[in-house]
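Residue numbers start from 1 in every chain, and the chains themselves are labelled A, B, ... in the order their sequence lines are given, proteins ahead of strands.
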2 protein chains.
Amino acid sequence: MKLTEAKQHFISSWGAFGTHWGINRTMAQIHALLLISPDPLTQDDMMEELNISRGNTNMNIRELINWGLVERVLLSGERKEYFTAEKDIWKVVKQIVKERKKRELEPMLQLLDKLEAVEGDKRDKHVKTFVDTVSSIKKLGKQADKTLDTMIKAEESWFVSSLMKMFK
Amino acid sequence: MKLTEAKQHFISSWGAFGTHWGINRTMAQIHALLLISPDPLTQDDMMEELNISRGNTNMNIRELINWGLVERVLLSGERKEYFTAEKDIWKVVKQIVKERKKRELEPMLQLLDKLEAVEGDKRDKHVKTFVDTVSSIKKLGKQADKTLDTMIKAEESWFVSSLMKMFK
DNA sequence: CCGAATTTTCAATAATTATTGAAAATATAT
DNA sequence: ATATATTTTCAATAATTATTGAAAATTCGG
């Protein structure tokens, strides 16, 4: 397979992959493109490679910057802005985990805390099932939260080798 | 907070949560409803509780059954079908991980294998960056795949206590 | 400060995805 | 077998989400 074709495959399947994870296609594709680009790219480069409009490109680049996955680069002597993505995949994964934890897991745990304190007699099976379900989700969620915190701090080498031994 | 209100909150936020994970709102809400229901429910029960149409209810129940999260229950003397959800959250998580691994991670790893074998001179930085990116994603993906396999087999008690020690 | 280059915004539109509801198919009791 | 209850399908529609493109805002060199 030629590089051009391989790049197309990579970008389009990264985009499709993203849609399964609540990330929009274009955002994932821009990210994919930057991941495989040795040098920083401009908005125009991305528009051309991915055949998307200026507005779409711009909004999704900003979103990737918010996620901490892409950053602006200033190239001296150039008027245009350039962008580059973190290439260390372990760092990328940690960054995504960190953001999703903050945006989704933490608010969910806060809600569960409130819901667990529902009024009512636990001898009523409706109350009991509700409280039991909420409590068990909360328990697992809290554990996941701690685990992810540690993961976020970890080095890849440590992570891989520890897990290899642990889950052999 | 009263039970009725708490249930509403739980169902609607479980639905919103689902949409961040590529699961449609209704499917997540039906699942939530079944999780907190002490007894099996019929399609009509769900239609009424969630204010959704028969067709929508039916399609999403079947989808939940495909995911292995819900099953039919036959109640003797009843003409209607009843449905119930697995209540053990650890089993639920394992089932979801198992399915998503099969549906998303494994096909991605297969693709990466092919893309890694791209033609071209690795002294060309475009080729090099492409191959390096693909390889490192593949490496991490393969590790995740193994780790998840072990997790799928694990008992919750084992999982929680091991991780507690590991990630103290 | 001026003017050109560049970036950003956002209302309009397109594309995608979810939902309805009624008809068809299936199952069951008598 | 027939009538009735129940489930399933799916074309039509609604709702949501993504994308465009042109106008406005900003930046920056001279």
Side-chain angles (χ1 to χ4, degrees), chain A residues 11-34 40-67 69-84 103-104, chain B residues 11-34 40-67 69-84 103-104:
Chain A
I11 289 167
S12 85
S13 67
W14 202 250
F17 203 64
T19 61
H20 288 130
W21 292 84
I23 288 156
N24 90 48
R25 231 170 57 92
T26 302
M27 186 172 149
Q29 291 191 347
I30 291 175
H31 188 224
L33 176 61
L34 287 172
L41 301 180
T42 62
Q43 288 200 142
D44 292 275
D45 294 333
M46 301 178 208
M47 286 166 62
E48 192 181 350
E49 284 267 4
L50 304 175
N51 278 103
I52 53 177
S53 70
R54 184 172 304 285
N56 196 11
T57 309
N58 188 272
M59 289 173 92
N60 283 292
I61 290 174
R62 277 187 301 112
E63 193 59 14
L64 282 163
I65 293 173
N66 285 343
W67 275 81
L69 297 173
V70 164
E71 57 184 34
R72 276 168 225 266
V73 193
L74 295 170
L75 291 195
S76 58
E78 289 279 359
R79 180 83 173 262
K80 286 187 176 176
E81 290 183 319
Y82 283 76
F83 300 91
T84 190
R103 296 174 190 210
E104 296 160 31
Chain B
I11 289 167
S12 85
S13 68
W14 203 250
F17 203 64
T19 61
H20 288 130
W21 293 84
I23 289 155
N24 90 48
R25 231 169 58 94
T26 303
M27 186 171 149
Q29 291 191 347
I30 291 175
H31 188 224
L33 176 61
L34 288 172
L41 301 180
T42 63
Q43 289 199 36
D44 291 274
D45 294 334
M46 301 178 207
M47 285 166 62
E48 192 181 350
E49 284 266 6
L50 305 175
N51 279 102
I52 54 178
S53 70
R54 184 172 303 285
N56 197 10
T57 309
N58 188 271
M59 287 172 94
N60 282 292
I61 289 174
R62 277 187 302 110
E63 193 59 15
L64 282 163
I65 291 174
N66 285 344
W67 275 80
L69 298 173
V70 164
E71 57 184 35
R72 276 167 225 265
V73 194
L74 295 170
L75 291 195
S76 58
E78 288 280 359
R79 180 82 171 261
K80 285 187 178 178
E81 290 182 318
Y82 283 76
F83 300 91
T84 190
R103 297 174 189 210
E104 295 159 33

What's the verdict on side chain to side chain contact (heavy atoms under 4.5 Å, CB included) for B:M47 and B:R54, showing C-alpha distance, side-chain angles and the deciding distance?
CA-CA 6 Å; B:M47 285 166 62; B:R54 184 172 303 285; 3.8 Å; yes

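Checking D:dT7, C:dT7, D:dT9 against the side-chain heavy atoms of A:D44 singles out C:dT7 as nearest. Counting only heavy atoms from C-beta on, A:Q43 has its side chain closest to C:dT8 among D:dT8, C:dT8, D:dT9. In this structure, the nucleotide among D:dT19, D:dT7, C:dA18 sitting nearest to the side chain of B:N24 is C:dA18. When distances run from any side-chain atom of B:N60 to the nucleotides C:dT19, D:dT6, C:dT8, the shortest one goes to C:dT19.
Summarising the geometry, atom NZ belonging to A:K80 is positioned 12.0 Å from atom CG belonging to A:L75; distances are rounded to the nearest 0.5 Å.
Residue-environment remark: CD (A:E78) exceeds the threshold of 12 foreign heavy atoms within 6.0 Å.
Remark: the backbone N or O of B:G55 is not paired with any side-chain donor or acceptor of B:N58 at under 3.5 angstrom.
C:dT17 atom C1' lies 13 Å from atom NE2 of A:H20, rounded to whole Å. One can place CZ of A:F83 at 7 Å from P of C:dT7, the figure rounded to the nearest angstrom. Counting to the nearest Å, the P atom of C:dT26 and the CD atom of B:E81 are 14 Å from each other. Regarding A:R72, its CZ atom lies at a distance of 15 Å from the P atom of C:dT6, rounded to whole Å. A straight line from CG of A:D45 to P of C:dT7 spans 11 Å, rounded to a whole angstrom. Between B:I61 atom CD1 and D:dT8 atom P the separation is 8 Å, expressed in whole Å. In this structure, CD1 of A:I23 is placed 19 Å from P of C:dT16, rounded to the nearest angstrom. Between B:M59 atom CE and C:dT17 atom C1' there is a gap of 11 Å when expressed in whole angstrom units.
Distances shorter than 4.0 Å separate none of the side-chain N or O atoms of B:R25 from OP1 or OP2 on D:dA15. At least one side-chain nitrogen or oxygen of A:N58 sits closer than 4.0 Å to the OP1 or OP2 atom of C:dT8.
The residue A:N56 sits close to a base: some heavy atom pair falls under 4.0 Å.
The only option from B:L64, B:L33, B:I65 that meets the side-chain contact (heavy atoms from CB on, under 4.5 Å) definition with B:F83 turns out to be B:I65.
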Extract all donor-acceptor atom pairs below 3.5 Å that involve side chains of residues 23-32 of chain B and protein atoms in other chains or at least two apart in sequence.
residue	atom	partner	partner atom	Å
B:N24	OD1	B:T26	N	2.9
B:N24	OD1	B:M27	N	3.0
B:N24	ND2	B:N60	OD1	3.1

Base-contact (B) and sugar-phosphate-only (S) positions in nucleotides 23-30 of chain D, heavy-atom cut-off under 4.0 Å, - elsewhere
----BB--

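The two atoms that bring B:L41 and B:D45 nearest to each other are CA-OD2, 3.4 Å, heavy atoms only.
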